[in-house]
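Below is one structure, written out as structure tokens; the observations come after it.
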Amino acid sequence: MIEEEISKLIYKSVSRAQTAGEFTIFEIPKIKIDTSQISGHGDYSSNIAMQLKSLVNKNPIEIAETIITNITTTTIIDEIVLAKPGFINFYLNKSWLSQQIKTINSSSSYGNNNTGNNNKMLIEYVSANPTGPVHIGNGRGASIGSSLAKVLRKCNFMIEEEFYINDTGNQISLFGQTLYARYSQLNGKEIKIPENGYRGAYMIDLAKLIKHKYKDSSIFIEENNNQNQELTALGLSIMIDDMKNELKGIGVEFTNWFYESDLHKRKTIAAIIKKLSTNNFIEKKENALWFQSSKLGDSKDNVLLRTDGTPTYFSADIAYHYNKLFERKFDKIINIWGADHQGHVSRLKKAIEAIGIDQNRIEILLYQLITLKRGEKIVPLSKRAGEIISLKEIFTETGKDAMRFFFLSQSANQAMEFDLELAKKQTKDNPVYYVQYAHARICAVLKKATEEKITSSHENLSTIQEESELALIKKLIYFPQLITKVAEELAPHHLPHYSIELAHAFHHFYTNCKVIDIKNKKLSEARLALLEACKIVLASTLDLIGVEAPEKM
RNA sequence: GCGCUCGUAGCUCAGUGGAUAGAGCAGCGGACUUCUAAUCCGCAGGUCGUAGGUUCGAAUCCUACCGAGCGCACCA
């Protein structure tokens with residue numbers, strides 16, 4: 001990447017100045033290169049002269065002058081300019097820039113890098129309880145996880161995407177009881193749904209669906225019972241299939257679906273308790289088994305096995321992470337959790353540490369919650385409450401693309417509000433169409449070129465000279481840096497922002513430059529090559545966001 | 001009470017140590033006999049929650065306070 005190149009140029013220059021005695025000897029700090037938005041500040045700039053002030057004991061202007069005179073010439077840089085307090089501004093060489101079109105077009109995987117070095121990485125996300133349909137909050141997690149997975153694949157991580165299914169425990173029991181009651185009601189037996197049961201109408205639909213599958217409609221009803229194992233299992237598998245379909249509807253597909261019950265079958269919980277015990281982190285207190293996380297600086301201890309001997313969600317989760325990091329040997333794992341799980345982060349990491357696994361292999365990305373509103377009224381997202389609005393209901397209104405783009409466009413740290421009343425209006429204004437339109441426009445020109453029998457060529461790229469053309473190329477060559485940034489910061493919200501900037505650079509170019517001009521064939525061929533490069537990067541960015549790149553609109 | 005996140009233009013948000021704080025939407029004014037006007041160009045709009053501190057330099061780092069969301073279970 002260009003930043004690295006420029007950084008190296010400066011580094012060499014400083015060390016050359018040191019050898020020549022112009023600078024005193026010191027360890028050269030990391031040289032950060034900034035991209036500038038303002039045209040007068042160069043394409044790239046460095047503040048190194050200001051940073052070296054205390055080390056060199058000269059004023060920044062002098063330091064910058066020395067650095068500039070010691071920089072070796074290169075084909076990338078056209079001009080280096082010293083600016084007021086001590087900035088060094090770099091201007092890219094035009095013919096080098098135009099040649100980048102060829103670089104983009106001749107690579108099958110532009111923007112890829114090898115920071116992942118083929119390491120095995122697991123991204124776990126959504127992992128919603130299978131006791132109801134996926135809701136809008138899950139949609140945000142799904143969008144973030146899916147995009148991040150795509151970006152990290154471009155960084156050469158061996159990525160698996162996993163959905164963890166909590167298919168045991170209290171909530172499942174309540175789900176089973178609710179389903180049993182609804183099913184019984186359909187068969188003329190009045191059983192009330194449990195106190196904390198699932199009140200949503202979807203449970204009635206589920207019972208109906210199951211009833212219609214069987215000729216003997218009372219097959220699951222037993223005397224003196226409040227649930228039936230087979231019925232619960234059947235209900236769960238239908239719910240899980242629904243979740244799969246709904247997520248697929250917004251373009252999210254997992255490589256693995258991991259069942260919590262597998263951990264119990266494999267006795268992984270017993271294994272981690274044994275490890276914790278060996279390492280002296282277990283205490284029996286008030287008839288329950290505790291993990292002493294306070295020994296590792298956590299605020300309080302946590303229960304692993306309840307008084308009745310059943311494992312808590314927490315102990316299952318330790319086992320799950322033990323399975324990921326130790327049994328399945330992922331080098332690194334990323335969990336994408338809603339901010340309501342924030343309190344869980346510290347104790348999980350402590351537990352992993354207590355087992356003897358490096359907790360830095362776990363990265364937990366929290367996203368702030370979504371408030372669903374209808375006008376001024378807040379709509380609850382709880383599956384147990386009566387009113388449930390599924391993700392599917394919303395994206396059939398807004399469209400998959402508008403939804404994915406919207407979810408990704410804000411930083412994960414930012415809380416979101418989603419107003420159902422404004423949803424349609426908002427989607428019309430959704431910038432996703434602005435970006436997609438750019439892609440469709442490119443396709444239209446390329447199609448016209450085929451009709452006019454003009455093909456792109458890299459022979460005369462030097463005819464690319466216009467301000468709007470060069471600005472477009474500058475946006476294009478930022479793409480590899482974008483990939484690195486998103487991967488490093490685990491911040492996929494940069495993708496939509498970049499896509500808007502790129503689309504803008506294209507639209508600006510489009511209004512200023514006529515691509516197909518039979519009188520000027522050389523220029524047309526070069527501009528077609530530019531369009532092809534732009535199409536590659538734009539389509540790639542849209543793919544990473546998880547939206548379509550339409551041929552026409 | 002303690003912990004995490006947030007507070008930036010009328011609205012929705014980028015920007016997390018640098019130069020004149022940027023986009024989109026909304027507002028105002030322009031641009032289609034020319035490859036898609038779902039577009040482009042221009043104008044207007046901000047004591048970056050408040051008060052201190054660190055620094056040559058702070059929206060960005062530190063402290064306190066104010067306001068919002070979330071969390072502090074033998075629920076998941």
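Side-chain atoms are counted along with the backbone in the values below, which use heavy atoms only and exclude waters and symmetry mates. The structure displayed is predicted, hence computed values, not measured ones. Sequence lines set the chain letters: A, B, ... in the order given, protein chains first and strands last, and positions in each chain run from 1.
Taking the O4'-C1'-N9-C4 or O4'-C1'-N1-C2 dihedral as appropriate, C41(B) has a value more than 90° from 0 and is therefore anti.
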Short heteroatom pairs, N/O only, protein and nucleotides 18-21 of chain B, under 3.5 Å:
| residue | atom | partner | partner atom | Å |
| --- | --- | --- | --- | --- |
| G18(B) | N7 | N47(A) | ND2 | 2.6 |
| A19(B) | O2' | H41(A) | NE2 | 3.4 |
| A19(B) | N6 | S45(A) | OG | 2.9 |
| A19(B) | N6 | N89(A) | OD1 | 3.0 |
| A19(B) | N1 | N89(A) | OD1 | 3.1 |
| A19(B) | N1 | N89(A) | ND2 | 3.2 |

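Classified by interplanar angle (parallel below 30°, tilted 30° to 60°, perpendicular above 60°), the ring pair H497(A)/H493(A) is perpendicular. Classified by interplanar angle (parallel below 30°, tilted 30° to 60°, perpendicular above 60°), the ring pair Y478(A)/Y498(A) is tilted.
As judged by a 4.0 angstrom heavy-atom cut-off over every strand, Q342(A) is placed among the base-contacting residues. Counting non-hydrogen atoms under 4.0 angstrom, I516(A) reaches a base of the nucleic acid. At the heavy-atom level, R347(A) lies under 4.0 Å from base atoms of the strands shown. Using a 4.0 Å heavy-atom distance criterion, F314(A) is classed as making no nucleic acid contact. Here Q414(A) lies in heavy-atom contact (under 4.0 Å) with sugar-phosphate atoms only. In this structure, K552(A) reaches the bases: a heavy-atom distance under 4.0 Å links it to at least one base atom across the strands shown. Among the heavy atoms of the strands lying under 4.0 Å from E551(A) is at least one base atom, whether or not backbone atoms are also near. As judged by a 4.0 angstrom heavy-atom cut-off over every strand, E417(A) is placed among residues making no nucleic acid contact. Nucleic acid contact class of H494(A) (heavy atoms, under 4.0 Å, all strands): sugar-phosphate only. Within 4.0 Å (heavy atoms only), A415(A) reaches sugar-phosphate atoms of the nucleic acid but no base atom.
Across the P atoms, C41(B) and C25(B) are found 11 Å apart, a figure rounded to whole Å. Separating the C1' atom of G17(B) from that of G57(B) is a span of 8 Å, rounded to the nearest Å. With C1' as the reference atom, G22(B) and U16(B) are 15 Å apart, rounded to whole Å. Separation of the P atoms belonging to A51(B) and C66(B) is 15 Å when rounded to the nearest angstrom. Using C1' as the reference atom, U60(B) and A19(B) are 15 Å apart when rounded to the nearest Å. One C1' atom belongs to A37(B), the other to G30(B), and the distance between them is 14 Å to the nearest Å. Going from the P atom of A44(B) to that of C6(B) covers 33 Å, rounded to whole Å. Between the C1' atoms of G27(B) and G10(B), the separation comes to 9 Å (whole Å).
Rounding to whole angstrom units, NE2 of residue H439(A) and P of U39(B) are separated by 17 Å. Taking atom CG of residue L408(A) and atom C1' of nucleotide A14(B), one finds them 14 Å apart after rounding to whole Å. Taking atom CG of D340(A) as the reference point, atom C1' of U5(B) lies 13 Å away to the nearest angstrom. In this structure, D298(A) places its CG atom 11 Å from C1' of C72(B), rounding to the nearest Å. Separating the CE atom of M553(A) from the P atom of A37(B) is a distance of 13 Å, rounded to the nearest angstrom. In this structure, the CD1 atom of I370(A) is 15 Å from the C1' atom of C6(B), given to the nearest Å. With rounding to whole Å, Y313(A) atom OH is found 16 Å from C74(B) atom C1'. One interatomic measurement links the two molecules: CD1 of I442(A) to C1' of A38(B), which rounds to 15 Å at whole-angstrom precision.
With salt bridges taken as basic N to acidic carboxylate O contacts below 4.0 Å, one links K324(A) and E124(A).
Checking U12(B), C72(B), A76(B) against the side-chain heavy atoms of Q410(A) singles out U12(B) as nearest. Here U5(B) is the nucleotide among A14(B), C74(B), U5(B) with the atom lying nearest to any side-chain atom of N413(A). Among A73(B), A14(B), A37(B), the nucleotide with an atom closest to any side-chain atom of H497(A) is A14(B). Among A76(B), C40(B), C74(B), the nucleotide with an atom closest to any side-chain atom of T511(A) is C40(B). The side chain of K514(A) has U34(B) as its nearest neighbour among U34(B), A14(B), C74(B).
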I need a per-nucleotide contact map over nucleotides 25-32 of chain B, read 5' to 3'. Cutoff is protein heavy atoms under 4.0 Å; write B for the base, S for backbone only, - otherwise.
--------
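Remark: K521(A) engages E525(A) in a salt bridge (charged side-chain N to carboxylate O under 4.0 Å, His left out) (not counting sequence neighbours). Contacts of F254(A) classified as ring-ring contact (aromatic ring centres under 6.0 Å, His included), with partners at least two apart in sequence or in another chain: Y125(A), F163(A), W257(A).
Among residues at least two apart or in separate chains, salt bridge (charged side-chain N to carboxylate O under 4.0 Å, His left out) pairs with a member in residues 488-499 of chain A are K485(A)-E489(A).
Side chains of N413(A) and S411(A): no donor on one and acceptor on the other come within 3.5 Å. In the model, S294(A) has a side-chain atom that pairs as donor or acceptor with a side-chain atom of D301(A) under 3.5 Å. A donor-acceptor contact under 3.5 angstrom links the side chains of S173(A) and Q177(A), judged on distance only. Side chain to side chain, Y198(A) and Q171(A) meet the donor-acceptor criterion of an N or O pair below 3.5 Å.
For the pair N129(A)/F175(A), no side-chain contact is recorded, criterion being any heavy-atom separation below 4.5 Å from C-beta on. Between H41(A) and F87(A) the shortest side-chain heavy-atom distance does not fall below 4.5 Å.
The 5' end of RNA chain B is approached more closely, in terms of each residue's nearest nucleotide, by F509(A) than by the other of H504(A) and F509(A). RNA chain B is contacted by both Y437(A) and A412(A); A412(A) maps to the nucleotide lying nearer its 5′ end (nearest heavy atom per residue).
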Pairing of RNA chain B as dot-bracket, 5' to 3': ( ) intra-strand, [ ] crossing, | other strand, . unpaired, with Watson-Crick or G-U pairs under 3.5 Å?
(((((((..((((....[...)))).(((((.......))))).....(((((..]....))))))))))))....
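Proximity of H493(A) to the phosphate of G15(B): a side-chain N or O atom is located under 4.0 Å from OP1 or OP2. At the phosphate of A14(B), OP1 or OP2 sits under 4.0 Å from a side-chain N or O atom of S411(A). Considering only side-chain N and O atoms, Y433(A) lies nowhere under 4.0 angstrom from the phosphate OP1 or OP2 of A37(B).
A donor-acceptor pair is defined here as one N or O able to donate and one able to accept, closer than 3.5 Å; no such pair exists between the side chain of Q368(A) and the backbone of A339(A). A side-chain donor-acceptor contact under 3.5 Å links T312(A) to the backbone of V303(A). Of the possible polar contacts, none joining the S499(A) side chain to the L538(A) backbone as a donor-acceptor pair under 3.5 Å is found.
Remark: the T312(A) side chain and the C74(B) base include no donor-acceptor N/O pair separated by less than 3.5 Å.
Between F314(A) and H344(A), the distance from one ring center to the other falls under 6.0 angstrom.
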